[in-house]
Amino acid sequence: MKYVKLVGIYEELEKTSKRLEKTHIISEFLKKTSADDLPVIVLMLQGKLFPNWDDNKIGVASRLILKAINTATGISSARIEKEWKKTGDLGIVAENLVKGKKQVTLVSHELSVKKVFENLRKLATLEGMGTVDKKMQLISELLTSANPVEAKYIVRNVLEELRVGVGEGSLRDAIVWAFFGDKVDLKFSENKIEVEREEYNKYVDSVQRAYDITNDFSSVALTAKKDGLKGLNAMGIRVFRPLKVMLALKVGDVKGGFERCGEKVDVEYKLDGFRIQAHKDEGEVRLFTRRLEDVTKQFPDVVEYVLNNVKGDSFIIDCEAAGFDPKSGRYLPFQKISQRIKRKYDIASMAKNFPVELNVFDIIYYNGKSMLKESFEKRRELIEKIVSGKKRKIVVVKNMITSKGAEIERFYKESLNEGNEGVMIKNLSAPYKPGARVNYMVKLKPTMETLDLVIVGAEWGEGKRAKWLSSFVLACIQEGKFLEIGKMGTGIKEKKEEGVSFEELTKLLRPLIIAEKGKSVEIKPKIVVEVDYEEIQKSPTYSSGFALRFPRLKGLRTDRRASEATDLDLVEDLYYGQKK
Ligand code: AMP
């Protein structure tokens, strides 16, 4: 397929903000796409080059793109930079500058989707000497052959920042419309659909389920096209491909826990660590965070605990890794051990100084069989059978099964005293639902809740802080959109020994700058931070409609994706909750 065809679709999608219209555009395009092209097209419609479970990253900073535009067009860096400041969008800069460059009209060979995709994927695999130059050449080679609009999207593809607003929901629905639309008599006109609702929902659920398990819309779309509903329903769990985890709702008190989870419930310590999905097959163990990032290398200690203390040829277990003080053995808050997640060197000494205990609380797959449909009670029984507990190494999370409120209250206090966040209450007969926030696994913790917010902007500092970003624009999320909720300048340290420093944040954020105007920069939403505050207020200043009073950085949430930031619903709940 010619790249220009895909670019046409990008342009159409960018023109409308209506979700159903976007879904329609994508579904018509998917219908016409051959099975050969489908996987790549589905990725590129999401502005991605790798599926979620794949850890490869392109890793190209804005500066490198400036250089590539310079090489491809011969236009001076100073002028490109000026255009960038003016428009605030490197894609548009590339479009405008390629337009102004006469020779482009003479370019003979047209770009194919495959060529663009392959060049961009190469960016992720380059390593070692001369990498930066090679990356620059790969991009400028594409820009040289591109027409102006193609140039705009090549840049956006490189930045993995498509800006055409295709969310997971629209893509899922588009797959249903494209491959099952005729089965449910789906008719779309004037931004409305008519459909046999019940049947339609069945297909939507099947596509969603397949996606939650595989984390890969490309293989979901291809299976829907080739093997239909049967194929989708047969898509199974694969060891070493992380699944989306099941998430919990919050309840305000013990009564709320019983209301959601039944008369007799399972209650567990809620540890303040980070989630680890541990996979084992053929004697090999791999670990994934809830963001589906492979952290096996960072946690050789945990790999060993799993290998030596969990029986079974193959399995996937769901766990919380909780840090503890190596001297006193007491649990520590997540922020104390969070640095281990991204650490690439001195792994052994990190494991010694910041040990973690793996608390197994669920099982998803065991010896070739999915456990998703089994009741929680059965799953818990199984983990108790296969995990041989070793305190401060690997244990089955501490629990009790009860129908008495007073017992839960006591257990809750005990858990808080141990340094934990609270308790989880779980319905004994419920299944495991990947990717869903369910009302049969709930959390109970003291009300003051920190927020996990995404940094979407910042300002360069003044005086001695001039080389650092110093004031950070925070956003929560709603249906894939980032909505601003405040600006944060406190809690960040001057020196790196004291915690998260201005220097560290600047280093993290600088490569993500997508636009710059005066002192303000716009930042690609990637970095999630945990934020404390005095109060939530209503505010017309920010797009969320709320503002945080005295927001303060508590730490980096390296285990969360931007899409997992606090959503607006929770902010609203907290706002109304604090009025109680
Ligand atoms: P929250 O992050 O506040 O939404 O709480 C849910 C998280 O608590 C899960 O994603 C787990 O990482 C963590 N957690 C800690 N202990 C448990 C437990 N016993 N069962 C389930 N999740 C737990």
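Positions are given from 1 along the sequence. The structure presented is a predicted model; accordingly, all values stated were derived computationally and were not measured. Every number for a ligand or one of its atoms is a count from 1 in the order of the listing.
A cation-pi contact, defined as under 6.0 Å to the ring centre and within 45° of the axis, is absent between R379 and Y432. Taking the ring centre of Y345 as origin, the terminal cationic atom of R343 falls inside the region bounded by 6.0 Å and 45° from the ring axis.
Closer than 4.0 angstrom to ligand 1 by heavy atom are E268, Y269, K270, L271, R275, R290, E320, F361, V397, M424, K426, K443, K445, R560, sorted by chain and number.
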What pairs of donor and acceptor atoms, side-chain ones from residues 301-310 against any protein atom, are under 3.5 angstrom apart with sequence neighbours left out?
{"residue": "D301", "atom": "OD1", "partner": "R340", "partner atom": "NH2", "Å": "2.9"}
{"residue": "D301", "atom": "OD2", "partner": "R340", "partner atom": "NH1", "Å": "3.0"}
{"residue": "D301", "atom": "OD2", "partner": "R340", "partner atom": "NH2", "Å": "3.1"}
{"residue": "N308", "atom": "ND2", "partner": "E304", "partner atom": "O", "Å": "3.4"}
{"residue": "N309", "atom": "OD1", "partner": "K390", "partner atom": "NZ", "Å": "2.7"}
{"residue": "N309", "atom": "ND2", "partner": "Y305", "partner atom": "O", "Å": "2.9"}

Identify all side-chain donor-acceptor contacts of residues 478-485 below 3.5 Å with residues at least two apart in sequence or on another chain.
none

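Aromatic pair F274/F299: ring centres closer than 6.0 Å.
Residues that satisfy the salt bridge (charged side-chain N to carboxylate O under 4.0 Å, His left out) test with R241, not counting sequence neighbours, are absent from this structure.
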